[in-house]
Number of protein chains: 4
Amino acid sequence: MTDKKERIINTALILFANDGYNAVSTSKIAKEAGVSEGLIFKHFSNKKGLLDAIVKGAECRTGEFFAPILEEMEPLEVIKQLIILPFMAIHEDSYSYWKLQFKLKWQEEYNKPNNFKPLLDKLTWAFNELGYKEPAMEAEILMKVLDGIAISILREGLEGQLKFKAFLLEKYIK
Amino acid sequence: MTDKKERIINTALILFANDGYNAVSTSKIAKEAGVSEGLIFKHFSNKKGLLDAIVKGAECRTGEFFAPILEEMEPLEVIKQLIILPFMAIHEDSYSYWKLQFKLKWQEEYNKPNNFKPLLDKLTWAFNELGYKEPAMEAEILMKVLDGIAISILREGLEGQLKFKAFLLEKYIK
Amino acid sequence: MTDKKERIINTALILFANDGYNAVSTSKIAKEAGVSEGLIFKHFSNKKGLLDAIVKGAECRTGEFFAPILEEMEPLEVIKQLIILPFMAIHEDSYSYWKLQFKLKWQEEYNKPNNFKPLLDKLTWAFNELGYKEPAMEAEILMKVLDGIAISILREGLEGQLKFKAFLLEKYIK
Amino acid sequence: MTDKKERIINTALILFANDGYNAVSTSKIAKEAGVSEGLIFKHFSNKKGLLDAIVKGAECRTGEFFAPILEEMEPLEVIKQLIILPFMAIHEDSYSYWKLQFKLKWQEEYNKPNNFKPLLDKLTWAFNELGYKEPAMEAEILMKVLDGIAISILREGLEGQLKFKAFLLEKYIK
DNA sequence: CATGAATGAGCGTTCATTCAT
DNA sequence: CATGAATGAACGCTCATTCAT
């Protein structure tokens, strides 16, 4: 991957995450990245192709966070690691990746397969192992909470949400 | 309010909710509403002004749903009514209002003050009345769950989420 | 039809006829016509739509030349009028219309139905009435000659071809 | 001539003939020919230079068809061979050469000297030898017919035009 | 109140061409 | 000889907005 191609991806990621895919023009990306506009299309064919390349790259990075949880065989540890996931994963480096991810959810036309399904299944398994009466529903509820926390972190920063880490760990892990 | 002005608002609401504010052109709104494009600007001066008018109208309607909860003085009843709120509020008539509301949350440029703050405060009060140890945090958590449910209803329909109503009522009301 | 709309059509006709449809940009048409580029698309939706409007207009004008021939019931008169047709029809006013017509023939993608078929049929009828052995072939041959003359007129002017009028009339009408 | 250079010429010829010079991009030629786009400019400096190379090559090939006619000293044989020329020359191998040739006639900017002038002169000579009253005009008329036949062959295939071969031979050779 | 002709800036994209390797 | 990254100008087209009527 050439330097300029990488600069396009990085610039576009940040701009897309901040302003939304539609609101960012390819000319702005090019200008910001210090590249000619045509180069974007040489490398990615489309504006959409550029987005795809970004998302694919992001999936690799987020996958790294998911893998250890999916492999964990201790139910309580699964729940614990899932609770602390949003607090660990959304740091400076990957902030834009996550923000883009959540923004795209509201972009009807960009219907990528649900990224979080494997985590939900694992969580259901954990609740089941622990003898919860309604493991599937417990899992979905906790996921909604963590989703909400992630959204708040992305919008208002980490600090305001940190209190929930201890609270949820206490509630679910005791 | 003239007939045509109202038609513009109603048409734009539906289009904005479905396709997003940026993706809908004023020309499409005019065509769909059966009015001239110029009329939109006579009435609302801006495309943004049209959005503001819609949001203001929406706030009135959603406020009607919030009022009885805010006036309720029985803590358990507050929680109960809040839990069933997303299942009651998001029906055909107001579906577009809510969808637009949630979509706008992700448009950075449209940063209206948090609509749900009064509800959150009331919920905190209720949990406090009921002797919960961390009423503020309990309230925020429940709000995040309900937020997540509302989002799912808007994206996938009511049916898949109905199960959570009973589950949450059982959990919080016993 | 507004003044500007008409100016767009007239300007585009001349440019298309001279330089070819693909070689003329909408921005050039707008500039030459003294109009904003956007207006072209307001009136004709497409660049292609503009071409269609021109061709439709041209068909009316060329139809006026064809009608009297198609109604003529005297075989010799049919042939005579057809021979003099290219010399009469391609004058200053309609020069661009014909040039465009012939140019579009080589534009594979623009496959309009054969305009000259009715004339060919009438000519075949005339040759048949006059007792020619192979009226269909005689008609096609004469049409090819007249086609060739029209092409030469469009490319090199009327003068060089005028001699053929007398020659052909002598040959076919005696 | 290197293999790749030849591949560029052959590919471009076919593409130009089918889609027209302007409609074919250098990138498409490169892709289709399996070479890098830069190589086209190394060899021909311009897109126009590539076209020139093709046309020059084509002139050699078409010249091979003209030579025997120009050398023929029997008037009737000249006419006969000229009549059958379009039916002989436009076969699979050289189809694209002729199609391109005729297409370029309508590109104003590509005004190459009339290729067919020597043939016309020879034909005039032949008609003169045979005692025709207006040999020059007879020659031009027959050339226009053959031109029209060539065009029809290129656009609709050989079959529909074959009938004219016998008809014209009968008419001119008896 | 309402229309619709008209605009100008910007969009995503294509293209012929250059140049370092 | 050959590549392919890179460019800049132009393209067809969309858009929010203005204004005379």
Side-chain angles (χ1 to χ4, degrees), chain A residues 1-5 7-8 21-30 33-50, chain B residues 1-5 8 21-31 33-50, chain C residues 1-5 7-8 21-30 33-50, chain D residues 1-5 8 21-31 33-50:
Chain A
M1 176 129 60
T2 60
D3 172 50
K4 298 210 169 185
K5 184 173 179 183
R7 244 156 55 212
I8 291 172
Y21 172 75
N22 284 313
V24 178
S25 71
T26 50
S27 109
K28 189 177 180 187
I29 296 169
V35 191
S36 74
E37 204 178 346
L39 193 57
I40 295 176
F41 297 89
K42 269 271 185 291
H43 280 311
F44 307 100
S45 326
N46 283 336
K47 192 186 175 189
K48 180 73 184 343
L50 170 57
Chain B
M1 176 132 60
T2 62
D3 171 49
K4 297 210 170 186
K5 185 172 179 183
I8 292 172
Y21 172 74
N22 285 311
V24 178
S25 68
T26 50
S27 111
K28 189 176 180 186
I29 297 169
K31 219 167 288 169
V35 302
S36 71
E37 208 176 344
L39 193 57
I40 294 175
F41 295 88
K42 271 275 175 284
H43 279 313
F44 308 100
S45 39
N46 270 342
K47 191 187 173 187
K48 181 75 183 341
L50 170 57
Chain C
M1 176 126 64
T2 60
D3 172 50
K4 296 209 172 186
K5 185 172 179 183
R7 241 154 59 212
I8 292 171
Y21 173 74
N22 285 314
V24 178
S25 71
T26 50
S27 109
K28 189 177 180 187
I29 296 169
V35 189
S36 75
E37 202 178 346
L39 192 58
I40 293 176
F41 297 91
K42 270 270 184 294
H43 279 312
F44 307 99
S45 324
N46 282 337
K47 191 185 173 190
K48 179 74 184 342
L50 170 57
Chain D
M1 177 133 56
T2 62
D3 171 50
K4 297 210 170 186
K5 185 172 178 183
I8 292 172
Y21 172 75
N22 284 311
V24 178
S25 69
T26 50
S27 112
K28 189 177 182 188
I29 296 169
K31 219 166 288 168
V35 303
S36 71
E37 206 175 345
L39 193 57
I40 293 175
F41 295 88
K42 271 273 176 284
H43 280 312
F44 307 99
S45 39
N46 269 340
K47 191 187 174 187
K48 180 75 183 341
L50 170 56

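Note on naming: letters A, B, ... go to the chains in the order of the sequence lines (proteins, then strands), and numbering restarts at 1 for each one.
With a cut-off of 3.5 Å on both Watson-Crick or G-U wobble distances, the partner of E:dT13 is given as F:dA10. Using Watson-Crick or G-U wobble geometry with both donor-acceptor distances under 3.5 Å, E:dC19 finds its partner in F:dG4.
Atom-to-atom, NZ of B:K4 to P of E:dC1 comes out at 12 Å; the value is rounded to the nearest Å. Straight-line distance from the NZ atom of A:K42 to the P atom of E:dC15: 9 Å, rounded to whole Å. Taking atom CZ of residue A:R7 and atom C1' of nucleotide F:dA6, one finds them 12 Å apart after rounding to whole Å. Straight-line distance from the CG atom of D:L50 to the C1' atom of E:dT17: 14 Å, rounded to whole Å. Put simply, CG on D:L39 is 6 Å from P on F:dT3, counting in whole angstrom units. Between A:E37 atom CD and E:dG12 atom C1' the separation is 7 Å, expressed in whole Å. Summarising the geometry, the separation between NZ on A:K28 and P on E:dG12 is reported as 12 Å, rounded to the nearest angstrom. Atom CG of A:N46 and atom C1' of E:dT13 are 9 Å apart (whole Å).
Positionally, the nearest nucleotide of DNA chain E for C:G38 lies more toward the 5' end than for the other of C:G38 and A:Y21. Both B:A23 and D:D3 lie near DNA chain F, and the one whose nearest nucleotide falls closer to the 5' end is D:D3. Map B:S45 and C:S27 each onto its nearest nucleotide of DNA chain F; the residue landing nearer the 5' end is C:S27. Residue order along DNA chain E, read from the 5' end via each residue's closest nucleotide, puts C:G34 first among C:G34 and D:S25.
Residue B:T26 places at least one side-chain N or O closer than 4.0 Å to OP1 or OP2 of F:dA16. Put simply, A:H43 has no side-chain N or O that comes within less than 4.0 Å of OP1 or OP2 on F:dG4.
Comparing E:dT7, F:dT17, E:dT13 against the side chain of A:F41 picks out E:dT13 as the nearest.
Inter-residue side-chain proximity for C:I8 and C:L50 is flagged as met; some heavy-atom pair is nearer than 4.5 Å. Residues B:K31 and B:K28 fail the side-chain proximity criterion, which asks for heavy atoms closer than 4.5 Å.
A donor-acceptor contact closer than 3.5 angstrom links the side chains of A:T26 and A:E37.
In this structure, C:K5 forms a cation-pi arrangement with C:F44, its terminal cationic atom sitting closer than 6.0 Å to the ring centre and no more than 45° off the ring axis.
Interatomic distance, CD1 of A:I40 versus CD1 of A:I29, reported as 5.0 Å (0.5 Å rounding).
Within the 4.0 angstrom heavy-atom criterion, only backbone atoms of the sugar-phosphate kind lie near A:T2; the bases stay farther away.
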